[in-house]
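Here the structure is a predicted model, which is why all the values come from computation and not from measurement. The first residue of the sequence shown is numbered 1, and numbering continues consecutively from there.
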Amino acid sequence: FDLQQGDMLVAGSDGVFDNLFESDISSLCNSAVSPYEANHDSTSPTDPTHMATALAQAASAKAGDRTSLTPFSRNAQRSGVRHTGGKLD
């Protein structure tokens with residue numbers, strides 16, 4: 001895939017990707033204002049630290065929720081493993 005100006009690249013550990021679906025991550029990221037957008041809208045860009053904190057908090061909340069559907073629980077069930085909720089690291 002090609003990155004374009006204004007794209008946001010998210011790097012994370014399995015703690016993020018085991019507990020948050022791509023759509024969850026996209027929803028959080030879509031609330032951010034990129035430097036590219038800020039330059040065109042005369043607003044301040046979202047601090048990357050705030051974005052990282054929001055993603056970590058969302059992943060942590062899902063990890064501790066025994067009833068949540070997560071990527072880890074979905075893949076475990078597809079593999080025949082009975083698992084519900086998030087995955088604590």
Side-chain angles (χ1 to χ4, degrees):
F1 62 91
D2 293 324
L3 290 175
Q4 299 176 14
Q5 191 169 23
D7 286 351
M8 183 179 296
L9 179 65
V10 176
S13 68
D14 62 332
V16 172
F17 297 109
D18 282 345
N19 291 297
L20 297 177
F21 286 103
E22 191 174 306
S23 60
D24 300 323
I25 296 168
S26 292
S27 292
L28 284 168
C29 291
N30 284 336
S31 67
V33 177
S34 73
Y36 176 78
E37 292 170 314
N39 190 33
H40 286 83
D41 296 338
S42 299
T43 59
S44 297
T46 300
D47 183 334
T49 304
H50 294 154
M51 198 73 254
T53 299
L55 288 167
Q57 288 174 340
S60 179
K62 288 275 191 153
D65 183 350
R66 292 180 177 230
T67 62
S68 183
L69 177 63
T70 64
F72 183 84
S73 66
R74 183 191 61 197
N75 290 330
Q77 291 169 9
R78 286 180 178 168
S79 298
V81 177
R82 293 187 70 194
H83 180 87
T84 59
K87 178 181 175 275
L88 293 171
D89 281 342

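Gln77 contributes no side-chain N or O that, together with a main-chain N or O of Arg82, makes up a donor-acceptor pair within less than 3.5 Å.
Side-chain atoms of Thr70 and Ser73 include a donor-acceptor pair closer than 3.5 Å.
Rounded to the nearest 0.5 angstrom, Ile25 CD1 and Asn19 CG are separated by 10.0 Å. To the nearest 0.5 Å, the span separating CG on Asp24 from OG on Ser68 amounts to 8.0 Å. With rounding to the nearest 0.5 Å, the separation of CG in Leu28 from CE in Met8 is 10.0 Å. Here the straight-line distance linking atom CG of Asp65 with atom OG of Ser60 works out to 11.0 Å at 0.5 Å rounding. The distance from the CZ atom of Phe21 to the CZ atom of Arg74 is 4.5 Å, given to the nearest 0.5 Å.
Of all the heavy atoms in Gly15 and Ala59, the pair that sits closest is O-CB, 3.5 Å. Taking all atoms of both residues into account, the shortest heavy-atom contact from Phe17 to Gly12 is CE1-O, 3.3 Å. When all heavy atoms of Asp47 and Thr49 are compared, the pair lying nearest together is OD1-N, 2.8 Å.
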Run the numbers on Thr67 and Thr84 for side chain to side chain contact (heavy atoms under 4.5 Å, CB included), then give the verdict. CA-CA 6 Å; Thr67 62; Thr84 59; over 6 Å; no
List the steps and the verdict of salt bridge (charged side-chain N to carboxylate O under 4.0 Å, His left out) for Asp18 and Lys62. CA-CA 9 Å; Asp18 282 345; Lys62 288 275 191 153; over 6 Å; no
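Both Met51 and Val10 are part of a single hydrophobic cluster, where members link through side-chain heavy atoms under 4.5 Å apart.
Contact of the Asn75 side chain with the Arg78 side chain is registered, since non-hydrogen atoms from C-beta on lie closer than 4.5 Å.
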